[in-house]
Structure formats: structure tokens, C-alpha cells
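Order of appearance sets the numbers: ligands from 1, and atoms from 1 within every ligand. The figures here come from the full heavy-atom set of this structure, side chains too, leaving out hydrogens, waters and symmetry mates.
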Amino acid sequence: MRLDLDSEEAAFGGASIDRNGVPITDDVVAQAKGVDAVLMGAVGGPQWAKVPRENRPEAGLLRLRKDMQVFANLRPALCFDALADASPLKRDLVAGLDIVIVRELTGGVYFGAPRGIETLDNGERRGVDTQIYTTSEIHRVARVAFELARRRRGLVHSAEKSNVMESGLLWREEVTALHAAEYTDVSLEHILADNCAMQLVKAPKQFDVILTDNLFGDLLSDEAAMLTGSIGLLPSAALGAPGKPGLYEPVHGSAPDIAGRGLANPLAAILSLEMALRLSLNMPNEADRLADAVKSALNAGARTADLGGKLSTRRMGDAVIAAL
Ligand code: IPM
Ligand code: MG
């Protein structure tokens with residue numbers, strides 16, 4: 001298989017801090033906005049923990065998401081048959097699991113103002129974050145979830161805390177309105193986010209697409225990741241308006257505790273490329289072949305340490321290439 005693709009590399013996160021003092025430069029942001037797809041490595045590590053907050057790797061990630069306007073984050077949790085026993089949950093709960101979390105990615109409490117830490121007159125300190133959503137922000141991400149469900153099993157669960165949060169109530173009302181106006185062929189269920197967390201471990205296969213906000217999506221997607229056996233398997237896609245470049249990244253972090261030892265599972269990164277081929281590069285056949293190669297490698301017993309195996313990062317990559 002030969003991919004007819006051009007690629008460019010750019011420094012991001014710690015690599016950019018070391019070189020430029022900032023986690024991402026204006027030039028790299030502009031470069032990212034000018035390509036078809038961005039495939040990102042995980043960022044962060046203890047050597048940058050003392051960098052001022054606005055220059056940490058995480059700040060660069062949030063800026064890239066915001067500037068690329070990739071408001072819909074697709075985080076699939078797919079349980080490969082060969083790995084159903086690697087999940088901490090019982091095999092029959094997760095075998096065949098295939099769900100996608102659609103996480104709002106450029107709004108909510110991650111970006112809401114006011115925010116900050118202040119000292120009050122009485123000497124106490126006060127930390128403030130603001131959860132905030134508007135109609136259009138809710139509609140555009142809900143639309144992605146409904147469209148996705150149409151191509152899958154036709155079911156969307158919308159998760160929020162409308163029982164305590166105003167923004168959650170707005171979320172529920174706006175998702176209901178959009179559904180009634182344009183997506184009555186898709187089934188819509190509302191679920192409180194805490195119950196969603198519980199149901200995800202109790203009976204995960206009841207879900208198809210879970211639509212939720214930025215913060216709840218962060219939490220629920222880590223939980224969903226563990227259902228599949230290892231967070232080292234999970235890719236993600238962040239999409240903006242049609243025709244705009246997508247941002248593809250593994251769900252996992254940079255795992256500084258195992259850095260440089262050849263222990264990391266490369267499959268989440270490989271599957272992120274698969275999503276890019278499918279969703280931004282219009283190469284569905286190539287995407288299918290890559291996905292099949294990952295499955296064959298797993299079926300043949302290829303396992304990195306996170307899955308209880310002995311293969312190094314490089315050998316796992318070789319196993320996928322051999323299957324390809
Ligand atoms: C994720 C990560 C990020 C987030 C961090 C690194 C800023 O946890 O992509 O899930 O909270 O969005
Ligand atoms: Mg997270």
C-alpha cells in the first residue's frame with residue numbers, strides 16, 4: 001500500500017517549549033490551519049511542569065483546538081474481539097462493544113470567562129471557572145452526533161447535568177429542539193452525566209453515540225477507554241466545519257513514566273491516522289485496510305505491555321506493517 005500523501009512535521013508541546021519558549025508558535029498554528037489533517041503526538045511531561053501555566057503543553061493543545069475551531073471530538077471505544085479479556089470488565093459486558101463519544105471541544109468550562117484565582121479582602125482565596133454554552137455551540141456539535149448516529153445504529157444519548165446546571169438545562173432543551181426539527185429518524189435519549197458514568201460500566205453496549213460537553217466528555221471518554229482494555233488503543237478525531245482540517249490524536253497522554261523505553265502502545269496513534277484517512281483525507285479504502293491490519297495483528301497475538309504482552313513499540317508497529 002502506497003499512500004499518496006505529503007507530510008510536514010512541526011514542534012508542539014514540550015519540543016516547542018524547549019525550542020521556542022512557547023508550547024506552539026503562531027507559525028505552527030497557521031501551518032496546522034493550512035493542511036488537510038493534523039496528526040498529533042501526546043504532549044506534556046514532568047520537565048515542563050514548572051513552566052508558567054499559560055505556556056504549558058496543555059495550553060498549546062487548547063489553543064490549537066480553539067484556533068482550528070475543531071468543536072466536535074469523536075472518541076470511539078471499540079473492543080477488539082481479541083482483546084475482550086484485557087478489559088477490567090467481564091468479557092460478555094464488553095465483547096463487541098462499539099460506541100463513540102462526541103465531546104464538545106472548544107467551549108464550556110475549558111474556555112469560559114470569567115476564570116482565575118483571586119484573593120478576597122478577608123484573605124481567603126477564590127478560584128472561579130465558568131461553564132458556558134450558546135445555542136449555536138450546542139447545535140453544531142449535536143448535529144455531528146446525529147449525523148454520525150445515522151451512519152451507525154441510530155441512537156444518541158445526550159449527557160448533561162440539567163438537574164443542577166443552567167447550561168445543562170439549555171443543553172437538553174437545545175438538543176431536543178434540534179432533534180425535533182431535523183433528526184426525528186434518530187433515537188434521542190437524555191441521560192444525566194453521573195448516571196451515564198455508571199451505565200458505562202454497568203451495561204456499556206446499550207450506547208451507540210454519546211453526545212456531551214467538554215468537561216463531561218473528558219471524564220467519560222477516559223472511562224470508556226478502559227472498557228476496551230487499554231487507553232493505548234484509542235484514537236480520536238476533532239472536526240470543525242466541513243472542509244476544514246481535522247485534528248487527530250491518541251486519547252492517551254504522553255506517559256512520561258515509560259518514555260523512551262519502547263513500552264508504549266503505538267496502536268492509538270496508528271488508528272488516529274486511520275481516522276484521518278477516513279474523515280479528512282477521503283481515503284476510505286486505505287482506512288479500511290489499516291484498520292484490518294491492526295485487527296489481524298491483534299488476532300495473531302501481537303501485544304504490547306499494556307495488553308499483557310511483550311512486544312516493544314517498534315515491534316508492534318512492525319506487526320501492523322506485516323499484516324498490511
Ligand atoms: C484530553 C486531555 C486534555 C483535555 C488535557 C491534556 C488538556 O485530558 O484530551 O482528554 O483535558 O482535554
Ligand atoms: Mg482527558
Side-chain angles (χ1 to χ4, degrees), residues 11-17 22-24 28-29 32 37-78 99-112 115 127 129-133 137 141 144 159 193 196-197 200 210-228 230-240 246-259 264-265 267-269 271-273 275-276 279 306:
F12 178 51
S16 177
I17 294 173
V22 290
I24 190 163
V28 172
V29 171
V38 175
L39 182 62
M40 219 182 68
V43 297
Q47 59 273 55
W48 303 288
K50 294 220 168 66
V51 174
R53 194 179 173 73
E54 64 278 10
N55 276 337
R56 293 230 189 108
E58 290 86 347
L61 176 58
L62 296 185
R63 175 173 174 205
L64 188 60
R65 289 172 177 170
K66 190 75 173 170
D67 286 6
M68 289 180 73
Q69 294 179 41
V70 284
F71 54 81
N73 188 199
L74 275 49
R75 297 190 160 190
L78 194 79
I99 65 181
V100 182
I101 295 183
V102 177
R103 169 190 179 192
E104 200 291 325
L105 200 60
T106 54
V109 74
Y110 272 61
F111 297 96
R115 63 182 289 155
D129 293 281
T130 303
Q131 165 81 337
I132 179 163
Y133 275 110
E137 284 178 310
V141 70
V144 171
C196 186
L200 266 175
I210 297 174
L211 164 67
T212 191
D213 74 17
N214 205 343
L215 183 61
F216 294 140
D218 184 42
L219 305 181
L220 294 173
S221 63
D222 266 32
E223 188 189 3
M226 279 319 292
L227 303 177
T228 69
S230 170
I231 197 168
L233 290 171
L234 291 192
S236 76
L239 306 175
L247 176 62
Y248 297 84
E249 48 171 317
V251 170
H252 62 70
S254 56
D257 53 324
I258 59 166
N265 186 341
L267 292 185
L271 291 169
S272 295
L273 176 63
M275 291 191 88
L279 299 172
D306 54 311

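Here the shortest heavy-atom pairing between Met40 and Leu61 reads CE-CD1, 3.4 Å. Smallest separation of non-hydrogen atoms from Thr212 and Ala159: OG1-O, 2.9 Å. Residues Ala224 and Ile101 come closest through the heavy atom pair CB-CD1, 3.8 Å.
Note that the OH atom of Tyr110 and the CZ atom of Arg103 stand 4.5 Å from one another [nearest 0.5 Å].
When the shell of 6.0 Å around CD of Gln131 is examined, it contains more than 12 heavy atoms from other residues, nucleotides or ligands.
Of all protein heavy atoms, the one closest to atom 1 (C) of ligand 1 is Arg75 NH2, 3.4 Å. Of the protein's non-hydrogen atoms, the one nearest atom 2 (C) of ligand 1 is Asp218 OD1, 4.0 Å. Atom 6 (C) of ligand 1 has Glu58 CG, 3.8 Å as its closest protein atom, hydrogens excluded (heavy atom only). The protein heavy atom nearest to atom 11 (O) of ligand 1 is Tyr110 OH, 2.5 Å.
The nearest N, O or S atom of Asp218 is closer to the Mg ion (ligand 2) than 2.8 Å.
In terms of N/O distances under 3.5 Å, ligand 1 is approached by Arg65.
Residue contacts with ligand 1: Arg103 is included, with a non-hydrogen atom under 4.0 Å away. Taking a 4.0 Å cut-off on heavy atoms, Met40 fails to register as neighbouring ligand 1.
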- Message: Checking Leu78 against Leu271 for the side chain to side chain contact (heavy atoms under 4.5 Å, CB included) test, could you report, in this order, the C-alpha distance in whole Å, the side-chain angles of both residues, the deciding distance, and whether it holds?
- Response: CA-CA 11 Å; Leu78 194 79; Leu271 291 169; over 6 Å; no

